Amino acid sequence: MPELAEVEYYRKQWQPAISQCITGVYLNASKRVFRGIDSEALRRDLVGEAFTDSSTHGKQMCFRFGTKHWLGVHLGMTGKTHILKPGETPDKHDHLVLHMSSGASLVFTDPRMFGRILYSNTKGKPSWWAMLPPEILSTDFTLEYLSRFLERRRKSPIKAVLLMQETFPGVGNWMADEILWRSRIHPKTKAGDLSTHKRRELYQRTQEVSRDALEVIGTDWSTPPDHWLFNHRWKDGGMCPQTGVPLKREQIGGRTTCWSPKWQSLQLH
DNA sequence: CTATTTGTTTATCC
DNA sequence: AGGATAAACAAATA
């Protein structure tokens, strides 16, 4: 499920264990979520270290232990984090379990295993945590920056462009649809065909949807209000909250896309 | 049985 | 070279 707000929600799930020490690490190195990393080092080095910090960047999470242990968690399509109370046992898809000094355990679970664990033992930020694009709500995410990217991806449908993490870190399928609906832009519009006005609209709605999502979902996973597209977009038969007309659903940019005909008009150059 | 899934990486073609 | 597109990954759910 995870886009930027859901990722923020899942980051917070481990917070009750902040400042506790790791007393043991359970993992199964053969699971796909550990692809490309030294999971044996992770298991060996983390024991005895204290949980010192956590943060997110788009869909990436970073948990710090001591001063030089960096644990990256990407939730993929079905990843989750939660805490196991003392005495509770992990289930089939709990791929990483950190036993803490309180007796509780920090768990990363992911049935589909599109998620990924990263680990570095370095004094400063590892590259996977340092080499990241500007966040959508940062001051470096400007209209000019956004416009340059739209020009570079001018031949692609705007829906596909919004899903590109190199410039829209944390935007996923539902956020992209919400942004385009609020901007009144048809998802099939080529990125290069957006007028100056529509580019500004897209910029402002992208920041707005990020803020709204963090406030409503990122805080306590509340259900968004019915005046968002969110509650209407998931299955066939939904109605546009603005026009009352049935929403359309179709594959665009390889993903199921929902939009409101008439409300979102196709821009042509 | 089929089709679907809030994501990313890789291969292939242009 | 860089961009566009589709397939692959894997398991649950309807």
Side-chain angles (χ1 to χ4, degrees), chain A residues 1-11 13 28 30-37 56-61 72-81 91-96 108-118 127-129 131-133 136 148-182 187-193 206 209-210 212-214 216-218 221-224 228-238 247-259:
Chain A
M1 318 188 165
E3 303 181 24
L4 108 185
E6 292 88 349
V7 170
E8 169 60 11
Y9 175 83
Y10 282 120
R11 177 193 67 80
Q13 300 311 298
N28 180 346
S30 70
K31 296 294 186 177
R32 209 178 92 98
V33 295
F34 298 106
R35 60 196 178 279
I37 69 155
T56 67
H57 185 294
K59 296 175 189 171
Q60 183 66 50
M61 291 188 276
V73 178
H74 193 295
L75 299 171
M77 197 82 104
T78 53
K80 291 178 170 153
T81 50
D91 78 21
K92 186 176 167 189
H93 302 298
D94 294 347
H95 308 305
L96 176 65
F108 166 66
T109 190
D110 184 10
R112 237 169 128 183
M113 294 193 286
F114 288 2
R116 173 169 228 167
I117 297 294
L118 298 170
S127 60
W128 55 263
W129 188 237
M131 309 284 278
L132 294 164
I136 288 165
R148 277 195 299 277
F149 188 67
L150 296 182
E151 187 51 29
R152 179 143 72 91
R153 302 296 182 151
R154 72 186 86 91
K155 298 280 189 54
S156 292
I158 188 63
K159 168 63 188 272
V161 173
L162 279 172
L163 293 174
M164 294 176 182
Q165 301 300 296
E166 60 187 287
T167 302
F168 298 97
V171 173
N173 207 24
W174 82 253
M175 283 184 71
D177 285 357
E178 186 79 34
I179 291 164
L180 292 173
W181 177 74
R182 293 194 194 184
K188 283 184 186 167
T189 308
K190 301 279 189 235
D193 289 347
T206 298
V209 169
S210 297
D212 287 354
L214 284 168
V216 173
I217 295 168
W221 209 298
S222 300
T223 303
W228 295 17
L229 178 66
F230 185 94
N231 291 337
H232 311 271
R233 68 173 294 282
W234 300 101
K235 51 190 187 312
D236 288 338
L247 295 162
K248 290 215 163 183
R249 290 159 59 79
E250 198 180 304
Q251 289 265 338
I252 302 174
R255 308 296 299 279
T256 297
T257 298
C258 177
W259 77 95

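Computed from a predicted structure; not experimentally measured. Below, each value reflects all heavy atoms present in this structure, side chains not excepted, and no hydrogens, waters or symmetry copies. Below, chain A is the first sequence line, B the second, and so on; all start at residue 1.
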For DNA chain B, the dot-bracket pattern of Watson-Crick and G-U pairs whose distances stay under 3.5 Å, | for other-strand partners
.||||.||||||||

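- Counting to the nearest Å, the C1' atom of C:dT5 and the NZ atom of A:Lys155 are 14 Å from each other.
- Taking 4.0 Å as the cut-off between side-chain N and carboxylate O, A:Glu151 and A:Arg154 count as a salt-bridged pair.
- In this structure, A:Arg182 CZ and A:Leu229 CG are separated by 9.0 Å, a value rounded to the nearest 0.5 Å.
- Checking the phosphate oxygens (OP1, OP2) of B:dT8, a side-chain nitrogen or oxygen of A:His74 falls inside 4.0 Å.
- Distance check, rounded to the nearest 0.5 Å: CD1 of A:Ile158 to CG of A:Leu150 gives 5.0 Å.
- Proximity of A:Thr256 to the phosphate of B:dT4: no side-chain N or O atom is located under 4.0 Å from OP1 or OP2.
- The separation between A:Arg153 atom CZ and C:dT5 atom P is 10 Å, rounded to whole Å.
- Once the 5.5 Å centre distance and the 30° plane angle are applied, the aromatic ring of A:Phe114 is found stacked with the base of C:dC9.
- Taken from OH in A:Tyr10 to OG1 in A:Thr109, the straight-line distance is 10.0 Å, to the nearest 0.5 Å.
- Side-chain nitrogen and oxygen atoms of A:Arg255 include at least one within less than 4.0 Å of the OP1 or OP2 phosphate oxygen of B:dG7.
- The A:Lys59 side chain lies nearest to B:dT8 when the options are C:dA12, B:dT8, C:dC9.
- DNA chain B lies under 4.0 Å from at least one heavy atom of each of the following residues of residues 247-254 of chain A: A:Gln251.
- In this structure, CE of A:Met113 is placed 13 Å from P of C:dC9, rounded to the nearest angstrom.
- Going from atom NZ of A:Lys190 over to atom P of C:dG3 covers 16 Å, rounded to whole Å.
- For A:Arg152 and C:dG2, the shortest distance from a side-chain N or O to OP1 or OP2 is not below 4.0 Å.
- Contact between the side-chain N/O atoms of A:Gln165 and the OP1/OP2 oxygens of B:dT8 is found at a separation under 4.0 Å.
- Summarising the geometry, atom OG1 belonging to A:Thr56 is positioned 11.5 Å from atom CD belonging to A:Glu6; distances are rounded to the nearest 0.5 Å.
- Remark: C1' of C:dA11 and NZ of A:Lys31 are 11 Å apart, rounded to the nearest angstrom.
- We find that NE2 of A:His93 is positioned 15 Å from C1' of C:dC9, with the value rounded to whole Å.
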